[in-house]
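Here's the structure, in structure tokens; my notes come after.
Just so it is clear, the model here is predicted, and its values are computed rather than measured. Numbers here simply count residues along the sequence, with the first being 1.
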Amino acid sequence: MRRGDSCGGCGGRAGPDGACVVRRDAARLAGSGGGWAGAAVAAAAAAGGGCSCAAAAAGPAGGGALTAGGAAAAAGRAAGGERGKMAELGKKYCVYCLAEVSPLRFRCTECQDIELCPECFSAGAEIGHHRRYHGYQLVDGGRFTLWGPEAEGGWTSREEQLLLDAIEQFGFGNWEDMAAHVGASRTPQEVMEHYVSMYIHGNLGKACIPDTIPNRVTDHTCPSGGPLSPSLTTPLPPLDISVAEQQQLGYMPLRDDYEIEYDQDAETLISGLSVNYDDDDVEIELKRAHVDMYVRKLKERQRRKNIARDYNLVPAFLGKDKKEKEKALKRKITKEEKELRLKLRPLYQFMSCKEFDDLFENMHKEKMLRAKIRELQRYRRNGITKMEESAEYEAARHKREKRKENKNLAGSKRGKEDGKDSEFAAIENLPGFELLSDREKVLCSSLNLSPARYVTVKTIIIKDHLQKRQGIPSKSRLPSYLDKVLKKRILNFLTESGWISRDAS
């Protein structure tokens, strides 16, 4: 027989060697003494209803039939008394290993009186007519522990189920209600410590709760522009204008409103609305549409107020912006920047005035930084590694340019004497050449400046000089292609020629 198979005669299990357990035990009793052979036969007969295995094992022992009979009767009475005690206590035992299975056992739904412990069930134990593939039923006494006997508190499976029901019903943190739901034997402190230690910080929590939990809650009170952020719910301060100016504008500072608002008749959309219990669906939707139209008009009204506040339109209307601009010394805006501002004008509606000014200020800083980087790279190419050396380099460069200019002037004079004017070959075909004097032709040729541009610069400088002499502030700006070196040389030339005075230059 294989291990676990039942004997055909007595129904006993087969041992590791394949022999019947009853026959093996009977043989052991028979070898210990002749008097026990009869007891073995009687015990086997009482267990299996008359088994030839035990009789065959105990046959050679002989003698002592009365003793064997008495032993068998005593064994029968002892077994009966033991069964009575077990029945009274209500304990259950595994039919395979005889271990107590009162807390948790598996009952076969096809065989009668077959209950196995979890160990034997998981090993696939088979006994008698029971097979491992039979259907089973889990019988729970509610007294076994999920975390093992070493867990603190000795929580039973029934208490664990009540705890999970309580956490779902009352929510995390309501430990008093959860303790009352679990039972009177558990205090709120015990319930909290057990749940935190086992379900959050224990192995179950480590396996189910991720390390980083994404924030699914939207903070509507954030200061970055949420629906309930303080930057939106806090009212703006009133405009800083005098009482006479408030009366002129019809401005009410405590309400931050005007007597005549944008779309003054917007309130007529909802002034006559009322909700009645007998309204049908069409009337309700119509009233909602009126409210939605009114809310949109309010948003447009507030948007116009914000634009007027951001771009300082109220001070501009009152004539205050000119005085403030005169006080604030701002940098000069070039022609290219003016053109760029005109191109980006459609973006004004998406940016505030300060943001737009900051944008162009940062662009100007970027331009200056790029120019400085090019200058430093030029110094590096010429072997200059310190800023102290750059000052000497610039002084030497100006001297070289001056010597080159003097040389060009001397060469032009010699060319005149020889009747040659090869210096003018590059500009003689350009428009405006015939308007220049001989000295101006030499200057434009040395500066590599076209006659038309020179005439423009000369006109601007002389016009500004005349306006300053008359006490009129000059508003004209020099062209962007005119750098400091060209401007200085043209001013010196005009001063030497007598077009402007030396104090103006």
Side-chain angles (χ1 to χ4, degrees), residues 171 173 214-328 330 340-361:
N215 188 9
R216 299 190 181 96
V217 180
T218 302
D219 186 6
H220 294 285
T221 62
C222 58
S224 59
L228 300 178
S229 65
S231 60
L232 296 181
T233 56
T234 304
L236 296 175
L239 297 177
D240 187 13
I241 55 179
S242 62
V243 178
E245 292 169 344
Q246 293 177 5
Q247 294 176 358
Q248 180 182 356
L249 295 174
Y251 178 70
M252 295 174 285
L254 298 181
R255 297 178 54 184
D256 195 21
D257 286 339
Y258 297 89
E259 292 181 0
I260 301 177
E261 295 279 359
Y262 166 77
D263 201 348
Q264 184 72 12
D265 300 331
E267 282 72 13
T268 56
L269 289 170
I270 61 171
S271 60
L273 290 182
S274 61
V275 180
N276 303 318
Y277 68 93
D278 56 347
D279 290 342
D280 54 9
D281 295 341
V282 177
E283 292 177 347
I284 293 176
E285 292 299 327
L286 182 60
K287 293 178 181 180
R288 288 179 178 175
H290 279 223
V291 174
D292 183 63
M293 293 166 61
Y294 176 66
V295 170
R296 293 186 181 184
K297 290 180 180 294
L298 289 182
K299 289 182 178 179
E300 178 62 21
R301 183 182 297 175
Q302 187 62 37
R303 187 183 73 88
R304 291 171 179 260
K305 288 183 181 179
N306 294 337
I307 291 176
R309 187 183 290 267
D310 291 341
Y311 290 94
N312 297 323
L313 298 183
V314 174
F317 176 78
L318 298 173
K320 289 185 176 182
D321 58 337
K322 295 181 180 180
K323 300 178 182 179
E324 295 177 357
K325 287 182 179 179
E326 292 177 359
K327 293 180 181 179
K330 295 185 178 180
L340 185 59
R341 284 175 180 266
L342 290 176
K343 291 180 181 179
L344 297 180
R345 182 172 292 179
L347 298 179
Y348 280 23
Q349 57 181 330
F350 304 110
M351 303 173 66
S352 63
C353 182
K354 186 177 182 304
E355 291 175 346
F356 212 76
D357 291 339
D358 293 342
L359 171 64
F360 283 99
E361 191 67 27

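- Here the side chains of Glu283 and Asn276 are not in contact, with every heavy-atom distance at 4.5 Å or above.
- Distance CZ/Phe317 to CD/Gln248: 5.5 Å, rounded to 0.5 Å.
- Atoms CG and CG, from Leu269 and Asp263 in turn, are 8.0 Å apart once rounded to the nearest 0.5 Å.
- Checking Gln302, Arg303, Arg304 one by one against Asn306, the side chain to side chain donor-acceptor pair (under 3.5 Å) holds for a single residue, Gln302.
- Between Asp256 and Arg309 there is a salt bridge, since at least one side-chain N of the basic residue sits less than 4.0 Å from a carboxylate O of the acidic one.
- Taking Asp257 as the reference, Arg255, Lys305 meet the salt bridge (Lys or Arg N to Asp or Glu O under 4.0 Å) condition, with sequence neighbours excluded.
- With contacts defined as side-chain heavy-atom distances shorter than 4.5 Å, the pair His290/Leu273 qualifies.
- In this structure, Leu347 CG and Leu359 CG are separated by 8.5 Å, a value rounded to the nearest 0.5 Å.
- Counted within 6.0 Å of CG on Asp280, heavy atoms from surrounding residues, nucleotides or ligands total more than 12; the atom is thus considered enclosed.
- Taking 4.5 Å as the limit, some side-chain heavy atom of Ile284 sits within range of a side-chain heavy atom of Arg288.
- For Gln264 against Glu259, the heavy-atom pair with the smallest separation is NE2-O, 3.5 Å.
- Residues Pro238 and Pro253 come closest through the heavy atom pair CB-O, 3.5 Å.
- Other residues, nucleotides and ligands contribute at most 12 non-hydrogen atoms within 6.0 Å of the CD1 atom of Ile260.
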Stepwise side-chain contact (heavy atoms from CB on, under 4.5 Å) test for Asp279 and Lys287: CA-CA 10 Å; Asp279 290 342; Lys287 293 178 181 180; 2.7 Å; yes

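- Identified under the ring pair (Phe, Tyr, Trp, His ring centres under 6.0 Å) test for residues 239-278, with sequence neighbours left out: Tyr251-Tyr258.
- Closest non-hydrogen pair, Leu344 versus Phe360, comes out as CD1-CZ, 3.9 Å.
- For the salt bridge (Lys or Arg N to Asp or Glu O under 4.0 Å) test, no residue two or more places apart in sequence or in another chain qualifies with Glu355.
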